Amino acid sequence: HEQAISDVVRSAKPGMEFIKDCARLLAEEGKHLSFTTRTGFPMHQFYRKHDNKAQKVWMYDRPSKTYKKDGELNPRVFSDAVNAIKSVNASSPNIIHAQDSTLLMNVVVALRKQGITDVMTIHDSFSTTAGHMQIMRHTLLEETRKLYDGYCLFTELLEQVKDKLDDWTAVDLPTVPRKGNVAGVVFNLMEIERANYAYM
């Protein structure tokens, strides 16, 4: 699946790597990745290293057979150290989830202003009554354009990461991925409201 995505959605991989590089810089300084979206929605990661500590669970006068290994439990004991591997690997999906959540909130507010309150959302899935579908689709496209018009997620993330680093001039910052012409296609954000296959 990862290879297929890399082959088909070629512009996604540099973006994912850029976000992971930002998270890696913070993890190297023992800091968790956090990000505030354009509308002020906060995203915080909090992945810490842990050890498993064996502990016997007794039932009266003998180890409980309810648990494996003669009544042994292995609860996690967390430290304050950042789990760099998990932080880096989770950074890209978490940033995208934050963006999706921001869009979701913007769409719900915009629909309410139009008198539509029969809305159900799950992550990045939207639904409403049949009579309101065209309005919802138009609102989704309009709010998507508004969210990214004049805004670069990668540039904003890099600026926020720089603010958190001890001395950003002393580290090798990742380069913001190139935008515009991707695989011969020039993406024009202003045309998204005329897209035939977005949010079907």
Side-chain angles (χ1 to χ4, degrees), residues 1-23 26-27 32-48 50 76 78 82-83 85-157 160-161 177 179 182 185 187-200:
H1 288 110
E2 286 185 16
Q3 186 60 49
I5 291 170
S6 297
D7 292 344
V8 176
V9 192
R10 281 174 279 180
S11 60
K13 188 172 182 179
M16 291 170 62
E17 292 302 320
F18 173 81
I19 294 172
K20 290 167 72 173
D21 287 341
C22 287
L26 290 171
H32 299 283
L33 174 67
S34 63
F35 177 70
T36 303
T37 69
R38 189 175 193 178
T39 59
F41 183 79
M43 183 282 294
H44 298 281
Q45 291 191 163
F46 194 61
Y47 300 110
R48 297 177 296 161
H50 65 81
R76 290 180 175 179
F78 286 90
V82 175
N83 184 332
I85 294 174
K86 191 159 187 176
S87 184
V88 169
N89 289 339
S91 60
S92 180
N94 284 341
I95 291 287
I96 299 306
H97 291 326
Q99 290 297 109
D100 288 345
S101 300
T102 300
L103 176 62
L104 184 152
M105 290 185 287
N106 291 350
V107 169
V108 170
V109 169
L111 288 172
R112 183 177 179 84
K113 288 178 180 177
Q114 299 172 78
I116 299 174
T117 56
D118 293 325
V119 177
M120 185 177 77
T121 62
I122 303 174
H123 186 47
D124 55 0
S125 175
F126 298 79
S127 60
T128 187
T129 55
H132 293 145
M133 285 304 297
Q134 286 301 318
I135 297 173
M136 172 176 272
R137 182 172 186 276
H138 171 74
T139 303
L140 271 165
L141 295 170
E142 182 180 44
E143 292 302 320
T144 299
R145 177 188 59 76
K146 287 180 181 177
L147 182 60
Y148 293 100
D149 188 16
Y151 175 80
C152 175
L153 170 65
F154 301 132
T155 300
E156 181 60 30
L157 173 61
Q160 292 187 31
V161 167
K179 293 177 288 295
V182 179
V185 177
F187 178 72
N188 183 354
L189 184 64
M190 302 306 291
E191 293 180 359
I192 194 168
E193 292 178 49
R194 295 194 295 274
N196 291 323
Y197 300 104
Y199 301 115
M200 296 301 291

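Predicted model, so just to flag it, every value in this text is computed and none were measured.
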Measure the [atom1]-[atom2] distance between [X] and [Y] for me, rounded to the nearest 0.5 Å.
{"X": "Asp21", "Y": "Glu17", "atom1": "CG", "atom2": "CD", "value": "6.5 Å"}
{"X": "Leu153", "Y": "Thr102", "atom1": "CG", "atom2": "OG1", "value": "10.0 Å"}
{"X": "His132", "Y": "Thr139", "atom1": "NE2", "atom2": "OG1", "value": "10.5 Å"}
{"X": "Phe41", "Y": "Asp100", "atom1": "CZ", "atom2": "CG", "value": "10.5 Å"}
{"X": "Thr144", "Y": "Leu103", "atom1": "OG1", "atom2": "CG", "value": "4.5 Å"}
{"X": "Glu193", "Y": "Arg137", "atom1": "CD", "atom2": "CZ", "value": "10.5 Å"}

When you look at CZ of Arg48, are more than 12 heavy atoms from neighbouring residues, nucleotides or ligands closer to it than 6.0 Å?
yes

Does atom CE of Met43 have more than 12 heavy-atom neighbours, drawn from other residues, nucleotides or ligands, at distances under 6.0 Å?
yes

Do side-chain atoms of [X] reach the backbone of [Y] as a donor and acceptor pair under 3.5 angstrom?
{"X": "Thr128", "Y": "Asp118", "value": "yes"}
{"X": "Arg38", "Y": "Leu147", "value": "yes"}
{"X": "Gln45", "Y": "Ser91", "value": "yes"}
{"X": "Gln160", "Y": "Thr36", "value": "yes"}
{"X": "Ser87", "Y": "Asn83", "value": "no"}
{"X": "Gln114", "Y": "Ala110", "value": "yes"}

Which pair of heavy atoms, one from Ala27 and one from Val82, lies closest together, and at what distance?
CB-CG1, 4.2 Å

Closest non-hydrogen atom pair between Cys22 and Val161, with its separation:
CB-CG2, 3.9 Å

[Y] and [X], any side-chain heavy atoms less than 4.5 Å apart:
{"X": "Phe154", "Y": "Ile19", "result": "yes"}
{"X": "Met136", "Y": "Val119", "result": "yes"}
{"X": "Leu157", "Y": "Leu33", "result": "yes"}

For the residue pair Phe46 and His32, does the interplanar ring angle fall in the parallel (under 30°), tilted (30 to 60°) or perpendicular (over 60°) class?
tilted

Run the salt bridge (charged side-chain N to carboxylate O under 4.0 Å, His left out) test against Lys146 and tell me which residues pass, sequence neighbours left out.
Glu143

For Tyr47 and Asn94, run side chain to side chain donor-acceptor pair (under 3.5 Å): C-alpha distance rounded to whole Å, both residues' side-chain angles, the deciding distance at 0.1 Å, then the answer.
CA-CA 12 Å; Tyr47 300 110; Asn94 284 341; 3.2 Å; yes

